Amino acid sequence: MKYVLLYVAIGAITAMAALVQERSARKKHGPSIGDLLYELTREKASLWKRFSHKFLLPAVTGLAVICFWPVAIFLLIKHASAEQQREIREEERRFRVTDENLIEQLSIEEIELRELVYDPLGSVPDKPFGHLWPAWRAFVDGLSADSTLWSFAATDNSGYEALSVEGYICFTKKGTQPMFVTTRKSLPESDI
Amino acid sequence: MTAQISETLWFKGKKHAMCSEPLGDYFLLTGNRPKFADMSTACWRGYVGEWEVRDDRLYLIGLEAYLTDGEEACLETIFPGYPDRVFAHWYSGTIRLPEGKMLNYVHMGYDSVFERDVLLDFEKGVLVRDTTRINGEATDADAADGYAIVGMTVFPRPGKPDGTDGSQ
């Protein structure tokens, strides 16, 4: 009898772990397609359908996990591993500026001097970066006193199309790379 | 997804449908995008811009949009102090102007194919090259001429449940 109780106890703990994982995933990735579809039809759904979705289905699922917790544990571990692999792949695809992309080190004053924008019709502010001036000031205001700025040109492959990206990047001791992008341009396939 | 209403570009004295969104690049670079109201399923970006190429420079000269609070948006909403014209110096890329008869209608984005595409390459708002790409010749004499979309769902203006502009 005590082994049965132990089996059920482990099953209950596994069910709680599965619930925590499900809530965590929902918080991170938002509601699932099933949840969205249910929300769209909820007002028209019958009482039985609402009861099933809110109480019956979770109860049956919980019971199944308690009864078959070895399978549930296997699936939980598999899911966690797949999630970890996905995050690693996403991190690898994330746009980063490397040393190869750096062009030259510049001061803020040097950058602002080279980024003045001219328009004969006067349709741009007479300030560095023109209409991007407020964004540039916000970027500069966020820099620390010992920041070093570099101009860069790189290719961003993190999205659905390759982009040529240019701008200015700041290297910090923390390893973060705050950057101010001045140009984003689709690359022709021949240039990729 | 629905085929999208195009922007408008005045180029060489002629009005063109423009299947590119240079203003979207501005919002990406600044991280600052007004809260545009959804106008219709054919305009997910929430605005329709009017552009002009003058002396080889790209200018934004008009904007049609509403904000989520119901207020009408204009150029000064995004570019205070510039009510009439804004030099699009932030834009580098290729603008596509479809021309001729429709060869293939695709009810998604700007994916429909037309007989020709005029491609304008810009570097920091300045036109550096314009080319024409020939996509084919329409065999259907009744094919639609010029960029158009087939259908869309229009949403009421925020704050105006009956969709009126409150002028009555």
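Here is how names work: the chains are called A, B, and so on, in the same order as the sequence lines, proteins then strands, and each is numbered from 1. Predicted model, so just to flag it, every value in this text is computed and none were measured.
Few gaps surround CD on A:Glu104; more than 12 heavy atoms of other groups in view lie less than 6.0 Å from it. Around CG of A:Asp141, the count of heavy atoms belonging to other residues, nucleotides or ligands within 6.0 Å exceeds 12. Around atom CZ of A:Arg86, more than 12 heavy atoms belonging to other residues, nucleotides or ligands sit under 6.0 Å away. For B:Asp111, the CG atom sits in a packed shell: over 12 heavy atoms of surrounding residues, nucleotides or ligands are nearer than 6.0 Å. Residue A:Glu161 qualifies as enclosed at atom CD: its count of foreign heavy atoms under 6.0 Å is above 12. For A:Phe74, the CZ atom counts as loosely surrounded, since its 6.0 Å shell holds 12 or fewer non-hydrogen atoms of other residues, nucleotides or ligands. Enclosure of atom CD in A:Glu112 by more than 12 non-hydrogen atoms of other residues, nucleotides or ligands within 6.0 angstrom is indicated.
Linking ILVMFWY residues whenever their side-chain heavy atoms come closer than 4.5 Å, directly or via other members, leaves A:Ile108 and A:Val117 in distinct clusters. Under the 4.5 Å side-chain heavy-atom criterion for ILVMFWY residues, no single connected hydrophobic cluster contains both A:Trp136 and A:Val124.
Residues B:Tyr59 and A:Asp119 have side chains in contact (heavy-atom distance under 4.5 Å, counting atoms from C-beta outward).
If you take CZ on A:Arg184 and CG on B:Leu28, they are separated by 4.5 Å, rounding to the nearest 0.5 Å. Atom CG of B:Asp25 sits about 8.0 Å away from atom OG of A:Ser186, to the nearest 0.5 Å. Distance check: B:Lys124 NZ to A:Lys185 NZ gives 10.5 Å after rounding to the nearest 0.5 Å. Of the inter-residue distances, the one linking B:Thr30 atom OG1 with A:Trp133 atom CH2 reads 15.5 Å to the nearest 0.5 angstrom.
Of the listed residues (A:Thr183, A:Leu121, A:Leu132), the one with the most heavy-atom contacts under 4.5 Å to chain B is A:Leu121. Here A:Pro125 is the residue among A:Ala138, A:Gly167, A:Gly122, A:Pro125 with the most heavy-atom pairs under 4.5 Å with chain B.
Closest of all the heavy-atom pairs between B:Phe87 and A:Tyr118 is CE2-O, 3.8 Å.
The parts of B:Arg85 that come within reach of chain A are both its backbone and its side chain, each placing non-hydrogen atoms under 4.5 angstrom from that chain. No part of B:Tyr91 comes within reach of chain A, as not one of its non-hydrogen atoms sits under 4.5 angstrom from that chain. The part of A:Phe129 that comes within reach of chain B is its backbone (N, CA, C, O), which places non-hydrogen atoms under 4.5 angstrom from that chain. Heavy atoms of A:Val181 lying under 4.5 Å from chain B belong to its backbone as well as its side chain.
Under the 30°/60° scheme for interplanar angles, the aromatic rings of B:His89 and A:His131 are found to lie parallel.
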